[in-house]
Amino acid sequence: MSPRSAHPAVRTQLIEAAARLLDAGGRQALTTRRLAAEVGVSTMAVYTHFGGMDELVTEVVRESYARLGRALACVPETTDPVADLMALCRAYRRNALANTSLYATMLGFTPTSDDQRWGAQALQAPLSAIRRCLASGRFRPAEPLLLAHQAWCGVHGLVTLELGGYFFPPSLADQCFEALLRDFAVGSGDTVEAAARSLEASRSSRPGPAASAVQVAGPARDAAN
C-alpha cells in the first residue's frame, strides 16, 4: 500500500510539518528523516508526494499563498470600500496568526518568479478594494499598486512583530492594528470621521465562502494596472 493511499491527508501533513521545521531552524533543519518522523510516515512518503525536498519547499511556499488567497477571498464586498479594505487587512492578520509557520515561510526565501506571481495574485483583493476607495473619492488620487504595497508593508510589519512576541503587553498589538488601519485610510485621503465609521464596520464583517475561482498559482497579468 502506497503512502498516498494509506494516508489521504499525508501531503498536507508533510507541508505543515515542513513549514514548522523551516520556521524553527531554516532550510538546514528540513531533512527527509526529520520530516518523516514529525509526520509519522516513511521517508518514501516525501518522494511519493513531492519528488524531492526542493519541490516540497516550493509547495510549502505555494500553500502559504494559497491559504492567504482563500482567507482574502472570503471577505465579502460591501458598499463601503474603505471598510472592505480594512476587513481584508483583518483577514490577512487572522490567517497569519492561524498559520504561523506557513506565514513565516511565505516570505522567508528569496522569491522566484512563481513566488512573485503568487504574491501578486494574493494582492488582487486589496488592490481591487483600493481602486474602489479611489473611485469613490474616499482616497486622494494615487497609484493603486503603490497604496496596496504600503498597506501590505504596514500590516506585514505589525504581524511579524506580533508573532515574534515584541508587543508589551501583547494586547498592545490590537491597539496598534486598529490605529494602523485608521491612520492608513486618513493618510490616503479619508476623513477622520469616515475612517472611524469604516473601522467600526470592518469589525463586524463576516467572512463568506471562498471564491472557487481563486487560483493563487496563476499569473496576475493585471497586477500593475
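Bear in mind that the values here come from a model prediction, so they are computed numbers and not experimental data.
The closest side-chain heavy-atom distance from L56 to L35 is below 4.5 Å. Two residues are said to be in side-chain contact when any heavy atoms from C-beta on lie closer than 4.5 Å; E143 and I130 fail this criterion. A heavy-atom distance below 4.5 Å is not found between the side chains of L72 and N95. Taking 4.5 Å as the limit, every side-chain heavy atom of F139 sits out of range of all side-chain heavy atoms of P81. At a threshold of 4.5 Å between non-hydrogen side-chain atoms, the residues N99 and S64 do not count as touching. No side-chain heavy atom of F184 sits under 4.5 Å from any side-chain heavy atom of M86.
Note: L181 CG to R203 CZ = 9.0 Å, rounded to the nearest 0.5 Å. Within the model, atoms NE2 of H49 and CD of E59 stand 12.0 Å from one another, a figure rounded to the nearest 0.5 Å.
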Passes side-chain contact (heavy atoms from CB on, under 4.5 Å), T48 versus V10? Steps please. CA-CA 10 Å; T48 298; V10 71; over 6 Å; no
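No side-chain donor-acceptor contact under 3.5 Å links R67 to the backbone of A96. Under the 3.5 Å distance criterion, the side-chain polar atoms of S128 are left unmatched by any main-chain donor or acceptor of Q124. Put simply, the side chain of D84 never gets that close to the backbone of E77: no donor and acceptor are under 3.5 Å apart. Between the side chain of D23 and the backbone N or O of A19 there is no donor-acceptor pair closer than 3.5 Å. Between the side chain of T100 and the backbone N or O of L97 there is no donor-acceptor pair closer than 3.5 Å. S136 places a side-chain N or O within donor-acceptor distance of the main-chain N or O of C133, the cut-off being under 3.5 Å.
Results of the side-chain contact (heavy atoms from CB on, under 4.5 Å) test with L21 over V60, T31, L30 single out L30 as the only residue that passes.
Linking Ile, Leu, Val, Met, Phe, Trp and Tyr residues whenever their side-chain heavy atoms come within less than 4.5 Å places V155 and F167 in a single cluster.
A salt bridge is absent between R182 and E200; no separation between the charged side-chain nitrogens and carboxylate oxygens falls under 4.0 Å.
The aromatic rings of Y103 and H156 sit tilted relative to each other, their planes meeting at an angle between 30° and 60°.
Pairs engaging residues 189-199 under the salt bridge (Lys or Arg N to Asp or Glu O under 4.0 Å) rule: R138-D190 [sequence neighbours left out].
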